Amino acid sequence: RPLGGGAWGGGAPKDIDAPAGRVFSAPACAFLLAEEKNIEDEAPTTTPTTPRLAPPPREEVAKEVRRTFEEQRGVVRRTFEADSDAKTPFGPEEAELLFCVAVAEAAARDYDKAVAYLEAMLRQQVDAAVGKELTAEAFEEYAAYHDRLVFRSDFRPGPFSYAVRRDRDAFPDGTVSIASAAKKEPIRTFARDATETTSPFTFAIGAATFVTFDGPRYAHAYVA
């Protein structure tokens, strides 16, 4: 059911359904509506193309590779057929096999170098665009900043760190937390309070001794 501005507590768009309005911030909902409208109103346009040298068709390249490969293999075979000695176990077939293995090794080596070159080029472009080398800590900081912009305060991910007490009014005896490997700080998770739908957890440690756990219960979701 569409909500009015009062339900948002701050003049949010009226075209967002209630679930989205409760979870996402008003600027995020406005951005989504604007993007959807731009996609609907966007007309197909033609962009000018810059003249460039077109690469040869892949079929022609493969055909030329096969031709040169067969030609060189024939040269190797004829060379060893002319110089073969009946007393040696190494003949034209073995020479042809070694030639094929050498070609496969060279192709694998060239492929590895090409992929490494492309990865290095992309890394240089990203570093030049951002201005520094991106690390895991940088992505965590961006995710926290992004969550503050997108989600309302009640639905933003919070740190996974909770106090452990003997009862509700006691001083914490410790904490339960999950820390990230990068910053050694608690990870941030979406949490849902499920305390009202659960009952105390009890188990026996003897014939007449039982231990009962009670307190808040949460269901968590984490985006790695």
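Values in this document were obtained by computation on a predicted structure and should not be read as measured data.
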Return all side-chain donor-acceptor pairs below 3.5 angstrom for residues 96-108, not counting sequence neighbours, or 'none' if the list is empty.
from, atom 1, to, atom 2, distance (Å)
Glu96, OE1, Arg77, NH1, 2.8
Glu96, OE2, Arg73, NE, 3.0

N/O donor-acceptor pairs under 3.5 Å from side chains in residues 216-224, not counting sequence neighbours:
from, atom 1, to, atom 2, distance (Å)
Arg217, NH2, Ser199, O, 2.7
His220, ND1, Thr189, OG1, 3.1

- Query: Which other residues belong to the hydrophobic cluster containing Val65, where Ile, Leu, Val, Met, Phe, Trp and Tyr are joined when side-chain heavy atoms lie under 4.5 Å apart, directly or via other members?
  - Reply: Val61

Which pairs would a plain distance check flag for residues 115-123, meaning a side-chain donor or acceptor within less than 3.5 Å of a matching protein atom at least two apart in sequence or in another chain?
from, atom 1, to, atom 2, distance (Å)
Arg123, NH2, Glu133, OE2, 2.4

- Task: List for me each residue that meets side chain to side chain contact (heavy atoms under 4.5 Å, CB included) alongside Arg67, sequence neighbours excluded, and say none if there are none.
- Result: Glu64, Glu71

- Can you tell me how far CZ of Phe155 sits from CZ of Phe190, rounded to the nearest 0.5 angstrom? 10.5 Å

- Item | Backbone N/O of Val75 and side chain of Thr79: donor-acceptor pair under 3.5 Å | yes

- When rounded to the nearest 0.5 angstrom, what is the spacing between CD1 in Ile178 and CZ in Phe160? 4.0 Å

- Query: Arg156: what forms a side chain to side chain contact (heavy atoms under 4.5 Å, CB included) with it, not counting sequence neighbours?
  - Reply: Phe151, Ser153

- Task: Please name the pair of heavy atoms, one in Asp147 and one in Pro157, separated by the smallest distance, quoted to 0.1 Å.
- Result: OD2-CG, 3.4 Å

- Message: What I want to check is whether the side chains of Ser161 and Thr175 have a donor and an acceptor closer together than 3.5 Å.
- Response: no

